Amino acid sequence: RTAYVTVTGTGVAGDTILVEDGGCVIASTTVSHGGTWSVSVQLGVGSHALTAVQEVVDGVASAPSGAVPVTVFAQPPAPAIRAPQSRVTAGLSFTVVGSGVAGDTITLYDGSTVVGTATVAANGSWTITLSLAAGRHFLVATQTDAASHLVSSGGNREEVDAYALP
């Protein structure tokens with residue numbers, strides 16, 4: 001997985017800027033007449049140390065700028081979700097279980113409405129107890145990475161019918 005990052009700076013109009021990641025050139029651009037430059041670079045998951053070098057005529061180059069640290073995080077995987085049954089009694093509590101990455105936050109939705117949250121335990125499991133109004137419900141969970149705060153896409157969808165007591 002990769003991410004695009006825009007790197008900007010200032011320099012002498014017309015000079016070439018080389019953007020480096022750990023000493024390897026990953027992009028180049030030309031300083032505008034106004035003395036600014038901007039370039040988009042594609043970075044892989046992990047830590048990067050970006051620097052810029054300005055080249056002038058005949059290959060003479062400046063010393064590298066100070067390194068700017070950039071960390072690219074991977075989107076967390078979608079969590080697994082399992083409703084204990086496809087039919088529940090409306091208004092009565094039941095528990096939804098699933099698995100995910102330890103320490104991440106699970107958000108459970110009924111359609112687009114949040115119906116509960118949980119933190120994934122060290123063993124990778126999570127549980128959320130809830131009750132539903134009468135009708136058909138579609139439960140889906142997302143997972144938020146504890147470090148990056150990136151949110152997964154929804155995982156599998158569980159259909160639950162909540163029936164009113166006679």
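When a residue number appears, it is its place in the shown sequence, counting from 1. These figures come from a predicted structure and were not determined experimentally.
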Can you name the closest pair of heavy atoms from Val53 and Ser62 and give their distance? CG1-O, 3.4 Å

Determine the minimum heavy-atom distance between Ser28 and Thr16, stating which atoms define it. CB-CG2, 4.4 Å

Minimal non-hydrogen separation, Ala49 against Asp21, with atom names: N-OD1, 3.3 Å

In Å, rounded to the nearest 0.5 Å, how long is the span from CD1 of Ile17 to OG of Ser38? 11.5 Å

Could you state the interatomic distance from OG1 (Thr117) to CD1 (Ile106), rounded to the nearest 0.5 Å? 10.0 Å

Can you name the closest pair of heavy atoms from Thr127 and Ala118 and give their distance? O-CB, 3.5 Å

Can you list the steps and then say if Tyr163 with Thr89 is a side-chain contact (heavy atoms from CB on, under 4.5 Å)? CA-CA 5 Å; Tyr163 291 91; Thr89 303; over 6 Å; no

Can you tell if the side chain of Leu92 reaches within under 4.5 Å of the side chain of Ser131, non-hydrogen atoms only? no

Interatomic spacing from CD in Gln54 to OG1 in Thr10 - rounded to 0.5 Å: 8.5 Å

Heavy-atom pair of closest approach, residues Arg82 and Val96: O-CG1, 3.7 Å

Are the side chains of Val160 and Ser86 in contact, using a 4.5 Å heavy-atom criterion? no

What one should report as the nearest heavy-atom pair of Trp37 and Ala52 is CZ2-CB, 3.9 Å

Taking the side chain as everything from C-beta on, heavy atoms only, tell me whether Ile26 gets closer than 4.5 Å to Leu50. yes

Look at the side chain of Asp110 and the backbone N and O of Leu139, then say whether any donor-acceptor pair between them is shorter than 3.5 Å. no

Does any part of the side chain of Thr8, heavy atoms only, come nearer than 4.5 Å to the side chain of Thr36, both counted from C-beta? no

Just wondering, do Thr105 and Trp126 contact through their side chains at under 4.5 Å, heavy atoms? no

Identified side-chain contact (heavy atoms from CB on, under 4.5 Å) partner of Val5 from the options Leu43, Val39, Val68: Leu43

Determine whether Gln143 and Val120 make a side-chain contact, defined as any pair of heavy atoms from C-beta on separated by less than 4.5 Å. yes

Residues that Arg136 engages under salt bridge (Lys or Arg N to Asp or Glu O under 4.0 Å), provided they are two or more places apart: Glu159, Asp161

Taken to the nearest 0.5 Å, the spacing of Thr113 OG1 from Leu108 CG works out to 11.0 Å

Are any of the side-chain heavy atoms of Val97 and Ser125 separated by less than 4.5 Å? no

My understanding is that a hydrophobic cluster links ILVMFWY residues whose side chain heavy atoms are under 4.5 Å apart, including indirect links. Using that, what else belongs to the cluster containing Val114? Tyr109, Val140

So Asp145 and Val101, do their side chains get closer than 4.5 Å, heavy atoms only? no

Distance-only side-chain donor-acceptor flag, Thr129 / Thr95, under 3.5 Å: yes

